[in-house]
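Letters go in sequence order (proteins before strands), and every chain restarts at 1. All figures in this text were calculated on a predicted structure; none of them were measured in a lab.
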Number of protein chains: 2
Amino acid sequence: MTSYDDGMTERPYHHGDLKNALLAAAVEAIAQHGPAALSLRDLARRAGVSHAAPAHHFGDKAGLLTELATEGYDLMAEAVRSAGPDLVEAGVGYVRFAVEHRSHFEVMFQPALLHPDDPGLVAARARADAALSAALAASRPERAEQREAKLAAWSLAHGFAALWVNGAMPDLVDRDPAGVARPVLRNLFGG
Amino acid sequence: MTSYDDGMTERPYHHGDLKNALLAAAVEAIAQHGPAALSLRDLARRAGVSHAAPAHHFGDKAGLLTELATEGYDLMAEAVRSAGPDLVEAGVGYVRFAVEHRSHFEVMFQPALLHPDDPGLVAARARADAALSAALAASRPERAEQREAKLAAWSLAHGFAALWVNGAMPDLVDRDPAGVARPVLRNLFGG
DNA sequence: CATCGTAACTTGTCATTGACAAGATATGGG
DNA sequence: CCCATATCTTGTCAATGACAAGTTACGATG
């Protein structure tokens with residue numbers, strides 16, 4: 001212990017969990033001002049470290065966002081999986097994920113902000129894709145092999161989520177997104 | 001004429017059409033590196049003017065992007081209207097607009113980058129919204145008053161367009177987006 | 001045609017940022 | 001106990017957005 005413990009201002013040389021602290025700060029910052037306005041130096045300030053500390057863990061800004069996106073794909077896969085065997089509920093899970101993890105969601109679909117070929121990212125994306133395929137197969141086995149069916153289900157859920165998150169449905173902003181999404185999603189496949 | 005005409009390097013004090021030149025340069029720059037990487041100084045260089053010239057016409061960066069988004073909503077309304085009375089073809093028009101005017105499309109749905117309450121933008125958005133409502137009413141008059149139906153159609157087309165533009169369908173990147181979208185869009189409303 | 005108000009553009013400046021280089025400090029395995 | 005290495009700091013540079021103040025051209029008006 002070189003640092004004298006004078007209460008909350010204590011700042012040991014080693015943060016201990018800086019990487020996660022920075023990711024958490026990024027989620028907050030993005031929720032406030034969007035991914036484009038994200039500043040590594042601001043994250044460093046929020047975490048109480050020097051301005052160059054983030055670079056050590058992520059390389060550059062795109063590296064940090066790539067890690068966030070990777071987390072996001074796994075959160076998304078989990079949300080879709082835990083929705084059960086009903087395709088509509090899987091879609092509701094997709095929408096719920098987007099709204100509850102808005103920062104992750106926004107970053108995931110802005111490839112210009114990240115390292116799109118990062119192996120970890122590609123793998124996580126594949127896991128999420130598998131979860132979507134599984135949801136379709138569980139609910140509509142007869143269409144599981146149709147590419148159009150999967151694209152339609154994905155597009156519908158993704159479109160609703162994107163429009164909601166981007167504030168394109170201002171009239172509905174007060175309501176529960178899952179409740180609004182459910183009857184919308186039911187229109188697909190004549191179900 | 002204070003500027004001696006020495007060929008292509010001529011640079012009169014007044015550009016003549018700087019505003020449109022900057023918007024066109026922005027479309028190109030965004031197509032190359034995304035809206036987040038856009039630099040007003042880079043646009044000024046492309047147009048051959050000083051680094052502070054853009055501010056005169058747009059106030060700030062968000063102002064320029066707001067104008068681009070406004071253009072985009074009108075292009076989108078036109079694309080949907082000119083698709084005819086079939087809802088599926090309206091959706092194809094929506095997708096085609098997104099792909100052919102990718103820069104506009106990306107900016108339109110990133111409210112953090114623009115002045116979201118700009119009167120011109122709000123009005124253009126309303127015009128586009130009216131075009132979407134009209135497409136639904138022309139094709140499925142019995143559903144014209146259902147909010148869920150409109151949201152479903154919009155979400156499906158928007159989701160497909162967004163996923164395509166964001167490179168989330170890497171396998172299909174070589175094919176004609178309209179041709180891929182058409183059978184996908186047909187799944188809605190049991191049609 | 002002379003003048004003047006104003007729009008269009010320039011030059012200069014400042015704080016902020018991302019990236020990089022080089023140095024300081026702690027940690028844990030041997 | 002010691003050192004190789006991961007972690008973090010300090011210092012610096014070029015680029016950027018925004019703003020202030022000055023310059024030039026246009027066009028309406030008399």
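- You'll find the side chain of B/Arg125 reaches within 4.5 Å of the side chain of B/Leu121, heavy atoms only.
- Between A/Leu43 atom CG and D/dC8 atom C1' the separation is 16 Å, expressed in whole Å.
- Applying the side-chain contact (heavy atoms from CB on, under 4.5 Å) criterion to B/Ser82, with sequence neighbours excluded, gives B/Glu78.
- Summarising the geometry, the separation between NE2 on A/His51 and P on D/dT10 is reported as 8 Å, rounded to the nearest angstrom.
- In this structure, A/Asp42 and A/Ala52 both approach DNA chain C, and ranking their closest nucleotides by distance from the 5' end singles out A/Asp42.
- For residues 34-41 of chain B, proximity to DNA chain D is found at B/Leu38, B/Ser39, B/Leu40, B/Arg41, defined as any non-hydrogen atom under 4.0 angstrom from a strand atom.
- Qualifying ring-ring contact (aromatic ring centres under 6.0 Å, His included) partners for A/Tyr73, counting only residues two or more places apart in sequence or in other chains: none.
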Donor-acceptor list for residues 20-32 of chain B side chains, cut-off 3.5 Å, not counting sequence neighbours:
residue, atom, partner, partner atom, Å
B/Asn20, ND2, B/Asp17, OD1, 2.9
B/Gln32, OE1, B/Arg46, NH2, 3.4

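- Residue B/His158 is tested with B/Trp164, B/Phe97, B/Phe105 for a ring-ring contact (aromatic ring centres under 6.0 Å, His included); the sole match is B/Phe105.
- Residues of residues 54-62 of chain B having a heavy atom closer than 4.0 Å to DNA chain D, listed by number: B/Asp60, B/Lys61.
- Rounded to a whole Å, the CG atom of A/Leu18 is 10 Å from the P atom of D/dT7.
- For B/Ala53, taking side-chain heavy atoms from C-beta onward, the closest of the listed nucleotides C/dT10, D/dT10, D/dT9 is C/dT10.
- Taking atom CG of B/Leu22 as the reference point, atom C1' of D/dG17 lies 15 Å away to the nearest angstrom.
- Rounded to an integer number of Å, the gap from CG of A/Leu64 to C1' of C/dG18 is 13 Å.
- Minimum atom distance to the side chain of B/Arg45 is reached by D/dT16, of the listed D/dT16, C/dT10, D/dT9.
- Side-chain contact check for A/Val180 versus B/Leu151: some heavy-atom pair is nearer than 4.5 Å.
- B/His33 places its NE2 atom 15 Å from the C1' atom of D/dA15, with the value rounded to the nearest Å.
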May I have the list of side-chain donor-acceptor pairs in residues 108-115 of chain A shorter than 3.5 Å, sequence neighbours left out?
residue, atom, partner, partner atom, Å
A/His115, NE2, A/Asp60, OD1, 3.1

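- Distance CG (A/Asp17) to P (C/dT27): 15 Å, rounded to an integer number of Å.
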Start with the C-alpha distance between B/Lys150 and B/Arg147, add both sets of side-chain angles, then the distance that settles side chain to side chain contact (heavy atoms under 4.5 Å, CB included), and finish with yes or no. CA-CA 5 Å; B/Lys150 184 179 165 193; B/Arg147 185 177 52 202; 5.8 Å; no
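- With A/Ser155 as the partner, the side-chain contact (heavy atoms from CB on, under 4.5 Å) test is satisfied by one option alone out of B/Leu156, B/Asn187, B/Val95, B/Leu185: B/Leu156.
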